[in-house]
Amino acid sequence: MLLPTTLLFHAPGNGSPDLAPHHDWLIADPRTLHDPAARLWTARVTPHWRDWSALGRLTLTPLPPHRRR
């Protein structure tokens with residue numbers, strides 16, 4: 001099954017540890033592809049992208065559904 005996905009990079013500032021740069025992974029439900037109001041499943045990916053292949057798996061932190069735009 002193909003799942004439309006988007007990987008967002010967020011680089012918040014202010015030096016706060018809870019605002020560290022990170023990626024958010026958004027996945028669309030294939031049943032709602034043509035619904036512009038449908039939300040996207042979202043999770044935070046905290047390891048740096050350069051470490052992803054060495055880790056072998058990613059720990060995802062679920063987030064509230066994300067708007068499409």
- Step through the shown structure and confirm whether more than 12 heavy atoms of other residues, nucleotides or ligands are within 6.0 Å of CH2 on Trp41. yes
- Query: Do you reckon Trp49 sits in the same ILVMFWY cluster as Phe9, going by side-chain contacts under 4.5 Å, direct or chained?
  - Reply: no
- Any side-chain donor paired with an acceptor under 3.5 Å for His10 and Asp24? yes
- Report yes if the distance between the aromatic ring centroids of His23 and Trp52 is under 6.0 Å, otherwise no. yes
- Which residues share a side chain to side chain donor-acceptor pair (under 3.5 Å) with Asp35, sequence neighbours left out: none
- Query: How far apart are the closest heavy atoms of Ala28 and Leu3, and which atoms are they?
  - Reply: O-CD2, 4.1 Å
- Query: Are Ile27 and Pro4 side-chain neighbours, meaning at least one heavy-atom pair lies under 4.5 Å?
  - Reply: no
- Item | Side-chain touch Arg68/Thr6, heavy atoms, less than 4.5 angstrom | no
- Message: Between Leu60 and Trp25, does the side-chain contact (heavy atoms from CB on, under 4.5 Å) criterion hold? Intermediate values first, please.
- Response: CA-CA 9 Å; Leu60 304 176; Trp25 187 13; 3.7 Å; yes
- Item | Partners passing side chain to side chain donor-acceptor pair (under 3.5 Å) against Arg39 (at least two apart in sequence or in another chain) | none
- Is there a side-chain contact between Thr59 and Thr46 (heavy atoms, below 4.5 Å)? no
- Query: Any side-chain heavy-atom pair from Leu55 and Pro47 closer than 4.5 angstrom?
  - Reply: yes
- Item | Smallest separation among heavy atoms of Val45 and His22, with atom names | O-CB, 3.9 Å
